[in-house]
Amino acid sequence: MQTWVIGNWKQNPATKREVEALLEDIVATIDSGLLDSDHKSRCQLMLAPSCIHLATVSSRLQNTSILSAAQDISAHSATVGAYTGDCSAQQVVDAGAAWTILGHSERRQYHQESNDSLLQKLICALSQNIGAVLCIGETQAQYDSEQTIEVINEQLQVIKSLLEQPLSQQLDLKHTLTERLIIAYEPVWAIGTGKVPTVAEVSATHEHIKQEIARFAPDLPLVTVLYGGSVNANNADSFAASSMIDGALVGGASLKAESFLAIAAAFS
Ligand code: PGA
């Protein structure tokens, strides 16, 4: 089974020089044999730098097995337009990325991203043939009041809406989604806090996500679901041991080659 370990660098590192140093560290550690070719074929690595560093990262990764991704794309146009501050799916492709993260909880929180705007972003991504890592997850208050499944079901409605778009005939959407949709379950309360749900809790939630998407699209293979939120070199093995957890979306621990690749090793 193919697993995925994705580094979400967020608004880090500060400079191009630090980005290059981190990349060299990652590539050199892999080349030194930390992940052999069997490992590499089992676990697909991907790095999502901030938009300003995307072309640098993509170009350095060009002849490696690591993919690059954007952290977001414009909802307004897949190509060009008068959308100050936005970066389109086409521009992301031109910068060398094959994927984009969408709907990260920090974007939902600080940029009020809703299912409506995420639907537009998904359509833009797929129209430019890039994959989407759609992030979902509940807040601490929702977790405490046992609303996790309800919240997730509501966030997954965007996939149902996508499948109902007229676009689906043009794109053979079901086939496209098989290759280009990953869900990242990230409880908001676990992001950057050092707190994690139990592996049993994550596994049950992932099973639910897979079943829910299978309900919308019964002929799709089960969707890939990653866990994110305080994954580190010490706890990665326990998440990797569950057949329901197809990989990890990693924030803080992806900013050091050693911890990022230890997580990759756990999932390979
Ligand atoms: P974290 O972040 O690994 O630092 O908790 C994960 C994420 O926000 O994707």
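In each ligand, atom 1 is the first atom listed, and ligand 1 is the first ligand listed.
Distance alone, capped at 3.5 Å, is enough to place a donor-acceptor pair between the Lys210 side chain and the Val223 backbone.
Separation of atoms CG (Leu162) and CG (Leu126) is listed at 6.0 Å; rounding is to 0.5 Å.
Donor-acceptor pairing under 3.5 Å is recorded for the side chains of Trp189 and Glu138.
By the side-chain hydrogen bond (donor to acceptor under 3.5 Å, both in side chains) test, Ser58 is found to be paired with Ser68, residues two or more places apart in sequence or in another chain being considered.
Classification of Asp72 and Lys121 as a salt-bridged pair holds, one side-chain N sitting under 4.0 Å from a carboxylate O. Classification of Arg108 and Glu113 as a salt-bridged pair fails, no side-chain N sitting under 4.0 Å from a carboxylate O.
For ligand 1, the 4.0 Å heavy-atom shell takes in Asn8, Lys10, His104, Glu186, Ala190, Ile191, Gly192, Gly229, Ser230, Leu249, Val250, Gly251, Gly252, ordered by chain and residue number.
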